[in-house]
Number of protein chains: 2
Amino acid sequence: MILTRLTNLRKSKRWSLQYTADRLGIAKSTYAGYESGHRRPSLEAIAQIADLFDTSTDYILGRVDHQAPQLDDDTSVPCMELTELSTLNLSVDGLSLSKEEMQQFIAFIRAKRQLEGKTT
Amino acid sequence: MILTRLTNLRKSKRWSLQYTADRLGIAKSTYAGYESGHRRPSLEAIAQIADLFDTSTDYILGRVDHQAPQLDDDTSVPCMELTELSTLNLSVDGLSLSKEEMQQFIAFIRAKRQLEGKTT
DNA sequence: TAAAATGTACGCGTATTGCGTAAAATGGTC
DNA sequence: GACCATTTTACGCAATACGCGTACATTTTA
């Protein structure tokens, strides 16, 4: 478990040990023990902590390096609406697509569908 | 912790309790205790188990539903190579793109880039 | 059927947790 | 600088439960 991450998660929300412990339903000294490394949370505790801080147990444990939790969809089969995506990084032949290319593509698809609708 | 997932992960590899425990460096009865629910692994243990089974601690704990681990990139900003994706579900105006449309788009981008390369 | 292996359950010694309590440190106000 | 409230850190103890060995049940292989 990476102690600094635990502390940073809490401090990024400007929460005190007391408040955090209250939210978790444990004693202040208990949660303080987690951050200091004197105590280690149980599996349930670390899951609750991950929930509270909107991150993953893997991040707290140091198994991944980004704070965002897994989203439980769109991982195996990505599913997204291109027109609603503000930032994304799609690439063709290793070269990422620019916003202009994305808009051109969207226009391309719309035009193509309109043609098909008329001819069919 | 979801016990069935632990058992399924092991059985999907056709490993025995003994072999799995050996790989983890713990006693057979200890690992068996995890699967039966009589014992709960430590944080280090569950991280090692996640490594061994190529999954995430969040999956074992039941915090996410897919087995694949996080990849440490492509989470906040989706990043994928269109030509390498066999199955994906991109949509425009709510209508998902067919494979033909994807291929047309890839061809479209390639042609456009070739033109730009010549004119520029 | 016998033998080997796999899976399940129990008891015990010990490590470690979680809590209360209290001391140290930080931060804001005059 | 002095004062006080809040926050953070550290200690000691009772109780939990972890990990292991061991033994028993079950399944598989020859």
Side-chain angles (χ1 to χ4, degrees), chain A residues 1-70, chain B residues 1-70:
Chain A
M1 191 174 64
I2 298 185
L3 306 178
T4 55
R5 287 189 179 173
L6 209 53
T7 304
N8 288 337
L9 284 167
R10 177 176 60 85
K11 293 200 168 174
S12 69
K13 298 205 173 229
R14 313 212 168 189
W15 290 354
S16 68
L17 292 171
Q18 182 72 68
Y19 177 77
T20 307
D22 289 344
R23 297 273 318 244
L24 293 169
I26 61 178
K28 170 185 57 177
S29 61
T30 299
Y31 180 77
Y34 299 161
E35 286 195 8
S36 68
H38 286 79
R39 295 287 182 274
R40 313 168 72 113
S42 67
L43 293 181
E44 294 151 351
I46 202 175
Q48 287 181 324
I49 291 171
D51 284 338
L52 188 62
F53 291 140
D54 293 314
T55 184
S56 66
T57 59
D58 290 283
Y59 176 73
I60 297 175
L61 293 175
R63 301 188 71 256
V64 300
D65 290 333
H66 59 272
Q67 183 177 329
Q70 298 191 60
Chain B
M1 191 173 64
I2 298 185
L3 307 178
T4 55
R5 288 190 178 173
L6 211 53
T7 305
N8 288 338
L9 284 167
R10 177 176 60 85
K11 293 199 169 175
S12 69
K13 298 209 173 224
R14 313 213 169 187
W15 290 353
S16 67
L17 292 170
Q18 182 73 66
Y19 177 78
T20 306
D22 289 345
R23 298 269 323 239
L24 293 171
I26 60 179
K28 172 184 60 175
S29 61
T30 299
Y31 180 78
Y34 299 161
E35 287 195 7
S36 69
H38 285 79
R39 294 287 182 273
R40 322 180 78 161
S42 66
L43 292 181
E44 293 149 353
I46 202 176
Q48 287 180 324
I49 291 171
D51 284 337
L52 189 62
F53 291 140
D54 294 314
T55 186
S56 67
T57 57
D58 289 283
Y59 177 72
I60 297 175
L61 292 175
R63 301 188 71 256
V64 301
D65 290 332
H66 59 273
Q67 182 177 330
Q70 298 192 62

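Predicted, not measured: the structure shown is a model, and the values here were computed from it. The sequence lines fix the lettering, A, B, ..., with proteins before strands; numbering per chain opens at 1.
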| Rounded to the Å, how far apart are B:Arg14 CZ and C:dT6 P? | 14 Å

| Counterpart base for C:dG27, defined by Watson-Crick or G-U wobble contacts under 3.5 Å | D:dC4

| request: Mark yes or no for whether B:Arg5, through its side chain, and B:Tyr59, through its backbone, hold a donor-acceptor pair below 3.5 Å. | output: yes

| task | State whether the number of non-hydrogen atoms from other residues, nucleotides or ligands found under 6.0 Å of A:Lys13 atom NZ is greater than 12. | result | yes

| request: Round to a whole Å and report the spacing from CG of A:Leu3 to P of D:dT8. | output: 16 Å

| request: Let me know the distance between CD of B:Glu35 and C1' of C:dT6, rounded to the nearest Å. | output: 12 Å

| task | Search all heavy atoms of A:Phe53 against all heavy atoms of A:Leu6 and return the closest pair with its distance. | result | CE1-O, 4.4 Å

| message | Return the CZ to CD distance between B:Arg10 and B:Glu35, rounded to the nearest 0.5 Å. | response | 4.0 Å

| A:Leu43 CG to C:dT17 C1', straight-line distance once rounded to whole Å | 13 Å

| request: Would you mind classifying the nucleic acid contact of A:Arg10 as base, sugar-phosphate or nothing, using non-hydrogen atoms under 4.0 angstrom? | output: sugar-phosphate

| task | Output yes when a side-chain donor or acceptor of A:Thr57 lies under 3.5 Å from a complementary backbone atom of A:Ala47, and no otherwise. | result | no

| query | Atom CG of B:Asp22 and atom P of C:dG7: how far apart are they, to the nearest Å? | reply | 12 Å

| note | note: B:Lys11, atom NZ; C:dA5, atom P; distance rounded to Å ~ 19 Å

| request: Verify salt bridge (Lys or Arg N to Asp or Glu O under 4.0 Å) between A:Asp51 and A:Arg23, making sure each step is shown before the conclusion. | output: CA-CA 11 Å; A:Asp51 284 338; A:Arg23 297 273 318 244; over 6 Å; no

| message | Output one letter per nucleotide in nucleotides 15-30 of chain D: B when a protein non-hydrogen atom lies under 4.0 Å from the base, S when only the sugar-phosphate is that close, - when neither is. | response | ---BBBB---------

